[in-house]
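Below you'll find the structure, written out as structure tokens, and then a few comments.
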Amino acid sequence: MRLLPTVQILAVAIAMWTAVVWNNRRYRARLAAHSSPGEWRSYRFNRSAMICAAVGVTFFFAWLVTDTPAASWLHALSLPATVTFIAVAAVLSGYAGWIRAQ
């Protein structure tokens, strides 16, 4: 296992999580002015979708890094977890958009 790609993946993961937290805070501040119950419900589902997608991408990064025989259980777990979390994020995001449109 080479160190440089692992450090690069870790840097991208930190930047991604920073962007997720920053976008959630920015979206919540913008929502404070328009606080209908549907908007708040949509915000909660949208926030959950962002976090699920970020967890899915983090599992994908773990899958990229752990292709050694020592961590085979994590490598085997990471790809199905990636697909599951990103699929759940897509459903939650779609539902959040549907709630907002009503």
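Numbers here are sequence positions counted from 1. Model, not experiment: these values are computed from the prediction.
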State, to 0.1 Å, how close [X] and [Y] come at their nearest heavy-atom pair, and which atoms those are.
X   : Y   : answer
I99 : G38 : CG2-O, 3.6 Å
W17 : I51 : CH2-O, 4.1 Å
I86 : G56 : CG1-CA, 4.1 Å
C52 : F85 : O-CB, 3.5 Å

Single-linkage hydrophobic cluster [X]~[Y], side-chain heavy atoms < 4.5 angstrom:
X   : Y   : result
Y43 : Y95 : no
V91 : V83 : no
L74 : F61 : no
V57 : L10 : no
L92 : W98 : yes

Rounded to the nearest 0.5 Å, what separation is found between the [atom1] atom of [X] and the [atom2] atom of [Y]?
X   : Y   : atom1 : atom2 : result
I9  : M16 : CD1   : CE    : 11.5 Å
T66 : L79 : OG1   : CG    : 10.0 Å
R44 : R47 : CZ    : CZ    : 7.5 Å

S93: which residues meet the side-chain contact (heavy atoms from CB on, under 4.5 Å) condition with it, sequence neighbours left out? A49
Using 30° and 60° as the class boundaries, would you call the ring planes of H75 and W63 parallel, tilted or perpendicular? parallel
Would you check if the side chain of N46 reaches a backbone N or O of S42 as a donor-acceptor pair within less than 3.5 Å? no
So does R25 have more than 12 non-hydrogen atoms from other groups sitting under 6.0 Å from CZ? no
